[in-house]
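Have a look at the structure below before the remarks.
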Amino acid sequence: FEKFGATSPCLYYWRVAMSRRPGSDAAAELFQLESPARFDAALARYPEAVALKAAVAPNTTTKGLEQLDEWWRVERPSVIETKGYLTAEELVRCVEWKLARGKFRPLLKLVKTNQDSKVRATTKEAFALA
């Protein structure tokens with residue numbers, strides 16, 4: 001940890017945790033623009049970026065990423081708007097979408113244990129607050 005300018009393991013891990021993720025600076029710059037043209041151009045390329053992510057890191061986590069992302073962006077909002085809640089299966093798809101885009105965390109097994117009736121009631125209550 002000393003070679004990274006840290007005097008202790010705690011400081012090293014804090015620095016790692018607090019470091020910006022790749023692309024953070026570019027994303028922050030997009031949000032600070034006066035004109036939305038660059039943001040719109042970046043947003044238009046989003047499906048291309050998802051396809052690239054799925055192609056560059058093909059594994060069991062990113063398998064089906066493009067279909068999951070399409071569901072997340074297009075179908076999920078209308079499901080929530082129409083029904084006002086998510087089913088347990090839909091919640092699992094949300095977590096699968098999240099895990100396919102980032103670092104793996106052993107969360108999916110836990111999410112799959114949720115009872116459908118509780119997921120419906122909880123998400124209905126949460127969406128009513130939004």
Side-chain angles (χ1 to χ4, degrees):
F1 55 83
E2 285 94 2
K3 71 179 183 177
F4 298 104
T7 55
S8 72
C10 290
L11 182 58
Y12 168 73
Y13 290 116
W14 180 83
R15 284 189 176 168
V16 170
M18 298 308 291
S19 65
R20 293 170 73 87
R21 297 179 72 186
S24 294
D25 292 333
E29 183 182 323
L30 282 174
F31 284 104
Q32 295 172 3
L33 296 174
E34 295 286 328
S35 167
R38 270 188 62 205
F39 182 83
D40 291 341
L43 188 58
R45 296 189 68 190
Y46 176 79
E48 181 184 340
V50 171
L52 183 62
K53 164 97 172 144
V56 169
N59 57 42
T60 56
T61 305
T62 58
K63 184 179 180 183
L65 174 59
E66 292 175 83
Q67 293 81 9
L68 272 174
D69 196 74
E70 178 75 13
W71 175 82
W72 174 266
R73 289 183 299 109
V74 178
E75 296 174 38
R76 180 194 52 88
S78 63
V79 165
I80 293 170
E81 189 175 317
T82 303
K83 296 188 307 186
Y85 62 85
L86 291 175
T87 64
E89 182 180 327
E90 291 162 342
L91 179 62
V92 167
R93 288 186 84 181
C94 289
V95 173
E96 288 172 339
W97 172 84
K98 168 68 175 116
L99 294 175
R101 297 171 48 87
K103 291 184 179 182
F104 174 76
R105 291 177 175 86
L107 176 66
L108 192 55
K109 268 187 182 176
L110 179 63
V111 172
K112 287 181 176 181
T113 65
N114 287 314
Q115 295 176 359
D116 189 61
S117 60
K118 289 194 179 210
V119 170
R120 288 172 188 243
T122 304
T123 57
K124 185 174 187 170
E125 183 179 342
F127 296 146
L129 295 172

With a 4.5 Å cut-off on side-chain heavy atoms, are I80 and L86 touching? yes
Which atom of A100 lies closest to which atom of L65, heavy atoms considered: CB-CD1, 3.6 Å
So, taking the atom named CG in L107 and the one named NZ in K109, what distance separates them when rounded to the nearest 0.5 Å? 12.5 Å
Contact check, side chains of E81 and F127, non-hydrogen atoms, under 4.5 Å: no
Distance-only, no hydrogens or angles: does the D116 side chain make a donor-acceptor pair with backbone N or O of A88 under 3.5 Å? yes
Side chains of Y46 and R73: does their closest heavy-atom pair fall under 4.5 Å? yes
Any chance NZ of K124 has more than 12 other-residue heavy atoms, nucleotides or ligands included, within less than 6.0 Å? no
Would a hydrophobic clustering, with Ile, Leu, Val, Met, Phe, Trp and Tyr connected at side-chain separations under 4.5 Å, put V79 with V119? no
Between CG on residue L91 and CZ on residue R120, distance to nearest 0.5 Å: 12.0 Å
Can a donor-acceptor pair be found, under 3.5 Å and without considering hydrogens, that links the side chain of E90 to the backbone of T87? yes
Between CG of L68 and CD of E75, what distance do you get to the nearest 0.5 Å? 10.5 Å
Can you tell me how far the NZ atom of K112 sits from the CD atom of E89, to the nearest 0.5 Å? 10.5 Å
Spacing of CZ belonging to R93 relative to CH2 belonging to W72, to within rounding of 0.5 Å: 11.5 Å
